[in-house]
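Fair warning: this is a prediction, and the values are worked out from it, not measured in the lab.
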There are 2 protein chains.
Amino acid sequence: MRTVIDIDRDRRMAHRPTMNDVARTAGVSLKTVSRVVNGEPTVTPDLAARVRAAVESLDYRPHLGASMLRRNDRRTRTIGVLLADVSNPFSAAVHRAVEDECRARGSHVLTGSLDEDPRRERELASAFAQRQTDGLILAPTGGDQSYLRRLRGMPVVFVERSAAGAAADTVVSTNVAGAAGAVRHLVAYGHRMVGFLGDRRELPTQRDRHRGYLRALGGRGGPAVHDLRDEAAAERATVAMLRGPDPPTAIFAAQGLVTIGAVRALRRLDQHRRVALVGFDDFPLADLLEPAVTVVQQDPARIGRTAAAALFERIDGYDGPPREIRIPTTLIPRGSGEIVA
Amino acid sequence: MRTVIDIDRDRRMAHRPTMNDVARTAGVSLKTVSRVVNGEPTVTPDLAARVRAAVESLDYRPHLGASMLRRNDRRTRTIGVLLADVSNPFSAAVHRAVEDECRARGSHVLTGSLDEDPRRERELASAFAQRQTDGLILAPTGGDQSYLRRLRGMPVVFVERSAAGAAADTVVSTNVAGAAGAVRHLVAYGHRMVGFLGDRRELPTQRDRHRGYLRALGGRGGPAVHDLRDEAAAERATVAMLRGPDPPTAIFAAQGLVTIGAVRALRRLDQHRRVALVGFDDFPLADLLEPAVTVVQQDPARIGRTAAAALFERIDGYDGPPREIRIPTTLIPRGSGEIVA
DNA sequence: ATGAAAGCGCTAACAA
DNA sequence: TTGTTAGCGCTTTCAT
């Protein structure tokens, strides 16, 4: 005498045995299975062995969602990582470092790409919260992060950029100092007219790098173009700048893709051996170009590791004031930045 | 009169309101809240409005884990993606494409890097299974995938490489044809002695690319070095090959990092304008090198999209035999492969 | 249209 | 040491 319900249940059981099934098979109570599965030491070796045999024969795997529902330390051992774009090298390096740090702590990583879309940022943060991630590592978009206050209890660490409307630990490169160092380097090689090429000016990183640029020039910058959102735009802007009224003898490119665009433009104009170039953010094969490209190298792996460490401190209950952690950059002279004026 | 338990409970409540709290605040039953939250149409507008107001004022967010526990279609709307290394450009591009496909279907992505470690592969697959991912996209390590049979009911799609000991949908590049095309290209430019440089020979992709190489040469290959696990090893092997007894006039590099190593070696020997080179797998800035590097371009984004689509078909119940989907490659002539013998 | 009761798979508290 | 009972937050079933 089977009802429809029983059949459904049977199909599910075929799918995935429960602790109860293991208990029946081993001839013990459910709670004994629970103890064995959780490695509690108070089980007789004999019973424990029977339970393990049953686990093995049924391919039993504990249901983490169910256990976390009842458990006191309601941890899913899962964190969310929201980056600009998991396929860009910087984000990918951060992601990987976070993953490594998680591995050491038995946690796993839910990922998402934001593509500079504040709405997507809110949606993903909220979706991860509904999935009970223990915390969030977030590279904020240009938007406002005050919505995070509604995710009370969910620790967040910002990476790459600082946030607006929300206070939390933040891990960023020393953007001002790094940019200033790069431009001082150019000045040291005799350049008076240094052009600036940057990505969207409202981004905190870009603002900081522009500030560093100005600081190194004593406040009197050269020609500047902002809001270059891709390689092609950067290439066009570089060409225009070099053909403009005050052609710079050196260029500071404040972002990775912008640097590549500038390289392409200099090549196209056959100026790559005459105009100096320093880019912010290293990229693969920079050393194999002709000339090799001098860059301000960031340390995305360290940013990721540091952010993860800070997040786990918060998850473990640390409750100090928000920290701003600055990861130093390194100027790597390779040739393009050592062209004299 | 408060007990310890009550205090604990209060702290949790402050953390996260439940459906019950919303029900109390709105003055309705828990089930009515459930109906509103799930968009069931059988609620009077008046009650629905009260519920929504309570949801708003309490910052209520449904607990996805709890709902999925009871729900009939036990979907977590989460899939697992296990790749070689989320920070390598190929994996990262696959990852991003999978994420985009998931976004369209309201799913999210748990990620993990395998680093060629079969044990890590098993651990992560098992950990994701315990988290009830709806399915898995897996770039198999060199090991054996038969352990997947114990994850019965969990759909899997293999990417990048075929698996051993487990049958499932597989999405791979046309490795044999791509490699053969590259080597035929070199032969067409007059090369008789074409060297082969490859990564670990036990990997299916590497075997296939070597097979394509041999096929294009009528079975009589030139000097070959396998098991080059990083750039530096590839660079050394290239130098040795060119200084060896039968120095090839052209090189086929069967993997991305191996190609870079070969480029470095050719530079170092000042042979980059004399020895032809075609690499398998494109890389950024290949076109800016001197000479620009001819490559067999794969389409990681398409691989990811296709794999995700196949996985969702399986999740939705499709039960046909395992499919092997081959994504075509494209030869991109840029200069290094067009050097004549 | 609304609600009460049962139960998803598991752990906590307590009892035996 | 082992088992029993209650209950995590939610959806289901069934009654009203």
Give the rounded distance in Å between these two atoms: CG of D21(A) and P of dC8(C). 11 Å
Enumerate the residue pairs fulfilling ring-ring contact (aromatic ring centres under 6.0 Å, His included) with a member in residues 95-137 of chain A, sequence neighbours excluded, ordered by first and then second residue. H95(A)-H95(B), H108(A)-F128(B), F128(A)-H108(B)
Can you name the closest pair of heavy atoms from S29(A) and A23(A) and give their distance? C-CB, 3.8 Å
Who pairs with A301(B) by side chain to side chain contact (heavy atoms under 4.5 Å, CB included), at least two apart in sequence or on another chain? A97(B), D299(B), R305(B)
Nearest-nucleotide wise, let me know which of T32(B) and A66(B) is further upstream toward the 5' end of DNA chain C. T32(B)
Check the distance between dT12(D)'s C1' and N38(B)'s CG and give it to me in whole angstrom. 12 Å
Indicate whether OP1 or OP2 belonging to dG9(D) is found under 4.0 Å from a side-chain N or O atom of N20(B). no
What nucleotide, of dC10(C), dC10(D), dT1(D), holds the atom closest to the side chain of T18(A)? dC10(C)
Listed nucleotide nearest any side-chain atom of T44(B), set dT11(D), dC8(D), dA1(C): dA1(C)
Just checking, any donor-acceptor pair under 3.5 angstrom between side chains of S126(A) and R61(B)? yes
Using atom CZ of R131(B) as one end and atom C1' of dG9(C) as the other, report the distance to the nearest whole Å. 16 Å
Check every atom of dT2(D), dT11(C), dT2(C) against the side chain of L47(B) and return the nucleotide holding the closest atom. dT2(C)
For T141(B) and E121(B), does a side-chain donor sit closer than 3.5 Å to a side-chain acceptor? yes
What is the distance from NE2 of H63(B) to C1' of dG9(C), rounded to the nearest Å? 13 Å
For L69(B) and dC8(D), what is the distance between atoms CG and C1' respectively, to the nearest whole Å? 9 Å
Can you measure Y60(B) atom OH to dG9(D) atom P for me and round it to whole angstrom units? 10 Å
Nearest-Å distance, CD (E40(B)) to P (dA1(C))? 11 Å
Taking atom types as modelled and ignoring hydrogens, do the side chains of Q132(B) and T76(B) form a donor-acceptor contact shorter than 3.5 angstrom? no
Are the side chains of Y60(A) and V37(A) in contact, using a 4.5 Å heavy-atom criterion? yes
M19(B) or V43(A), whichever maps to the more 5' nucleotide of DNA chain D: V43(A)
When you compare the protein's N or O atoms with those of nucleotides 4-6 of chain C, which come within less than 3.5 Å of each other, and at what distance?
none

Nearest-angstrom distance from the residue atom CG of N72(B) to P of dC10(D): 17 Å
